[in-house]
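Notes for the one structure printed next.
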There are 2 protein chains.
Amino acid sequence: MYQPDVYEKMCPTRLVLDRIADKWAVLILHLLRAGPVRFNQLRRTIKGISQKVLSQTLKKLERDGLISRAVFATVPVTVEYALTPLGRTLTDTVAALAHWAEHNIEAVLAAQQAYDRGCPAAAEMVTANDAAEAA
Amino acid sequence: MYQPDVYEKMCPTRLVLDRIADKWAVLILHLLRAGPVRFNQLRRTIKGISQKVLSQTLKKLERDGLISRAVFATVPVTVEYALTPLGRTLTDTVAALAHWAEHNIEAVLAAQQAYDRGCPAAAEMVTANDAAEAA
DNA sequence: CGGAATCCACGTTGATACTG
DNA sequence: CAGTATCAACGTGGATTCCG
């Protein structure tokens, strides 16, 4: 499914994109900003994610050096995930993304409605201001 | 696969994330910064994408009001895709992401190698500076 | 609590072929 | 050129079960 010879050599950005272009990964990174979080704590907060996918995503992020994994020998065992210094530099950018999303979600929804109504021409004219007025 | 009652109402950001957390979408948005681009032009530039997926992705982006689609009645027909004003506001944020990727790709790769070597402890200590020194 | 392993259903992708 | 349609193949995700 993946041809490193074609993708990564040409454009290293794609490798990074493959990681952060993941809804769950972004969500996790965002949640860890406040401090270390335990596995099931993440699981409960990010409603809708399965433990398998959460586990996989955490492992990928750890492999990329974006988060760290700390095991405490309590009974039962406690595992805390936290941002690494590298991971923290990424959350700043992710925060900008979240900011855009919060400010433009209405414009996107308005465009979708216009498109679904059958007039895509109107959709492309939707702006953040238009959406704000409509609200 | 999607429960709007759980996701979108709780956190509208997730809806936006579902769109932009897509490698191809981000790539397309990035390519359109310079100006309108034709379908097969995109297809050739983004090596590895199939025409079906490209078509689907373009349609989603158009529906979200991020790109516009212009048809010219030439023979054969010409179709140009371009950023909408709304889409342009997003590319600024995407550019920040690309910037992070370019500057930290080496740190990520170094972390991956450390992790794969069996010492995840080292991976979480990798920083952009470390990677720069190693290079 | 924090996973790993198994099984299975589903969606998504990639060829291929055809249309306007 | 710019798609759509169809179908088989694949991978990914969810549910469940069990272990340390």
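As the structure is a prediction and not an experimental result, all values here were calculated from the model. Convention: sequence-line order gives letters A, B, ...; per-chain numbering from 1.
Distance CD (A:Q51) to P (D:dT16): 10 Å, rounded to an integer number of Å. Counting to the nearest Å, the C1' atom of C:dG3 and the NZ atom of A:K52 are 13 Å from each other. Here the C1' atom of nucleotide D:dT12 and the CG atom of A:L54 are 16 Å apart, to the nearest Å. Rounded to whole Å, the distance from CZ on A:R44 to P on C:dG2 is 8 Å. If you take NZ of A:K23 and P of D:dT12, they are 16 Å apart, rounded to a whole angstrom. Distance, A:K60 NZ to D:dT12 P: 7 Å, rounded to whole Å. If you measure from atom CZ of A:R43 to atom P of C:dG3, you get 12 Å, rounded to the nearest angstrom. B:Q41 places its CD atom 13 Å from the P atom of D:dG3, with the value rounded to the nearest Å.
Among the protein residues, B:V79 comes within range of the sugar-phosphate backbone only, with heavy atoms under 4.0 Å from sugar or phosphate atoms but none that close to a base. Contacts of A:Y81 with the nucleic acid, taken as non-hydrogen atoms under 4.0 Å apart, involve only primed sugar atoms and P, OP1 or OP2. Counting non-hydrogen atoms under 4.0 angstrom, B:Q56 reaches the backbone sugars and phosphates but no base.
Side-chain N/O atoms of A:R38 include one lying less than 4.0 angstrom from OP1 or OP2 on C:dG2.
Ranking C:dG14, D:dC1, D:dT4 by closeness to the B:V53 side chain, first place goes to C:dG14. Of all nucleotides listed (D:dT4, D:dC1, C:dC1), D:dT4 comes nearest to the side chain of B:K59. Checked against D:dT4, C:dG2, D:dA2, the side chain of B:V77 finds its nearest nucleotide in D:dA2.
Judged by distance alone, the side chain of B:T78 and the main-chain N or O of B:T74 form no donor-acceptor pair under 3.5 Å. With hydrogens and angles ignored, the 3.5 Å screen pairs no side-chain donor or acceptor of A:T91 with any backbone N or O of A:L29. A donor-acceptor contact shorter than 3.5 Å links the side chain of B:R43 to the backbone of B:I49.
Checked options A:L83, A:T89, A:L90; the residue passing with A:L86 is A:T89 (criterion: side chain to side chain contact (heavy atoms under 4.5 Å, CB included)).
DNA chain C is contacted by both A:S55 and A:P76; A:P76 maps to the nucleotide lying nearer its 5′ end (nearest heavy atom per residue). Comparing A:T78 and B:S50 by the nucleotide of DNA chain C whose heavy atom lies nearest to each, the residue mapping closer to the 5' end is A:T78.
The hydrophobic clustering, which links ILVMFWY residues whose side-chain heavy atoms are closer than 4.5 Å, places A:V71 and A:L58 together.
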